[in-house]
There are 2 protein chains.
Amino acid sequence: MAIDPRSHTPVYVQLADILREQIEAGELAPGSALPSEARLTQEHGIGREAVRMSISLLRSEGLVNTVRGHGSYVREVPQRRQVELAPGASVVARMPSGGERRSMQLDEGVPILEVRGPEGNVEVLPGDEVELTRPPT
Amino acid sequence: MAIDPRSHTPVYVQLADILREQIEAGELAPGSALPSEARLTQEHGIGREAVRMSISLLRSEGLVNTVRGHGSYVREVPQRRQVELAPGASVVARMPSGGERRSMQLDEGVPILEVRGPEGNVEVLPGDEVELTRPPT
DNA sequence: ATTTATTTGTACGTATGTATC
DNA sequence: CGATACATACGTACAAATAAA
């Protein structure tokens, strides 16, 4: 359970594994706060940078969300609304640019869906709120 | 052009903006190498951490790809193969877990597409290589 | 095949800025 | 205002991967 600084797996990966396990086990429930950086630093006897890299890793996986000056929280499992893919349309997934992320108010680790309609019109959807569907015949 | 340490926009964001502009203008062509961390540090008069955060930001946007011990490179625009979404199927986009990223050999900043077939079968596709389509009526 | 130089990765410490409560 | 918490940014050092001599 304890972190081994001499292990070949980096300290920050070890801590991320511990936290991920606690999240998936429900010990850290959706919406609940992770321990602060200072606490994680002290309790695991590691530096602050390693702690921050751990949380950054979980953020990039879409598992947690960090609010500056407040804390890091386990992301709620998003409620997805169903969007029907129109006939003749196509869709690609990609990460948003910084500007797109801000304007769409997306958390880190959230991709976007870019839907091209048959007439060339493009629609950009938040990847964590949408489930694209094609109705049965 | 020069980086202003007293600006309210962080140094690493300023550098990322500069590099992103050079990428989108074609000065840094797809496949070409970015300047090394040491060069960027010296030429812009900033610390290595700021340089690394800049490149990390571009990586998370899927614009560059970093190879340890070698350098960072402008990502090639991916060739997407078209995959038809079956009738009755649905699809969501999300970021891969660390294990998924390794096993699918995905670069950072590449989402995945999770396709659920009508019979509940699930298929996981790399988001940078696939364009999902629904054929016209 | 060994070594050397280059480059990125990990990790620590320190200091200061800024947002939230 | 003060306390807490995360963000930015510098410096340092060593580890590890890569390529070239």
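Because only heavy atoms are used, hydrogens play no part in the values below, and waters and symmetry mates are left out as well, while side chains stay in. Naming convention: chains lettered A, B, ... in sequence-line order (proteins, then strands); numbering from 1 in each chain.
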**OP:** Run the salt-bridge test on A:Arg20 and A:Glu61 with the 4.0 Å N-O cut-off and return the result as yes or no.
**Re:** yes

Subject >> Length of the line joining A:Arg68:CZ and C:dA19:P, which is rounded to integer Å >> reply: 5 Å

Original post:
Among D:dT8, C:dC12, D:dA9, which nucleotide sits nearest the side chain of B:Glu49?
Top reply: D:dA9

Subject >> Euclidean distance, atom CD of residue B:Glu37 to atom P of C:dT8 [Å, nearest integer] >> reply: 5 Å

**OP:** To the nearest 0.5 Å, tell me how far A:Glu49 CD sits from A:Ser54 OG.
**Re:** 10.5 Å

**OP:** Provide the closest heavy-atom pair for A:Pro96 versus A:Pro111 in the form atom of the first, atom of the second, distance.
**Re:** CD-CA, 4.3 Å

Subject >> Interatomic distance where NE2 belongs to B:His70 and C1' belongs to D:dA16 [whole Å] >> reply: 15 Å

Subject >> Nearest-0.5 Å distance, CZ of residue B:Arg134 to CD of residue B:Glu84 >> reply: 10.0 Å

Original post:
Mapping A:Ile55 and B:Gly45 to their closest nucleotides on DNA chain D, which lands nearer the 5' end?
Top reply: A:Ile55

**OP:** Find the distance A:Asp4:CG to C:dT10:P and express it as a whole number of Å.
**Re:** 16 Å

Original post:
Going by heavy atoms in the side chains, are A:Glu108 and A:Arg101 under 4.5 Å from each other?
Top reply: yes

Original post:
Partner of C:dA1 by Watson-Crick or G-U wobble geometry, both contacts under 3.5 Å, or none?
Top reply: none

Original post:
For B:Arg48 and D:dC10, is the shortest distance between a side-chain N/O and OP1 or OP2 below 4.0 Å?
Top reply: no

Original post:
Can you tell me how far P of C:dA11 sits from CG of A:Leu40, to the nearest Å?
Top reply: 15 Å

Subject >> Whole angstrom value for the distance that separates P of C:dT10 from CG of A:Leu15 >> reply: 14 Å

**OP:** Just compare D:dC6, C:dT8, D:dA9 and give me whichever is closest to any side-chain atom of B:Thr66.
**Re:** C:dT8

Original post:
Which nucleotide in the set D:dC6, C:dC21, D:dC10 lies at the smallest distance from any side-chain heavy atom of A:Ser36?
Top reply: D:dC6

**OP:** Let me know the distance between CD1 of A:Ile3 and P of C:dT10, rounded to the nearest Å.
**Re:** 14 Å

**OP:** May I ask you to verify if any side-chain N or O of B:Arg52 is less than 4.0 angstrom from the OP1 or OP2 atom of C:dG9?
**Re:** yes

**OP:** Remember a base hit wins even if backbone is also touched, and classify A:Gly47 as base, sugar-phosphate or nothing at under 4.0 Å, heavy atoms.
**Re:** sugar-phosphate

Subject >> Whole-Å gap separating P (D:dA9) and CZ (B:Arg6) >> reply: 14 Å

Original post:
Of B:Arg39 and A:Tyr12, whose closest DNA chain C nucleotide lies nearer the 5' terminus?
Top reply: B:Arg39

**OP:** Between B:His8 and A:Thr9, name the one whose nearest nucleotide on DNA chain C is closer to the 5' end.
**Re:** A:Thr9

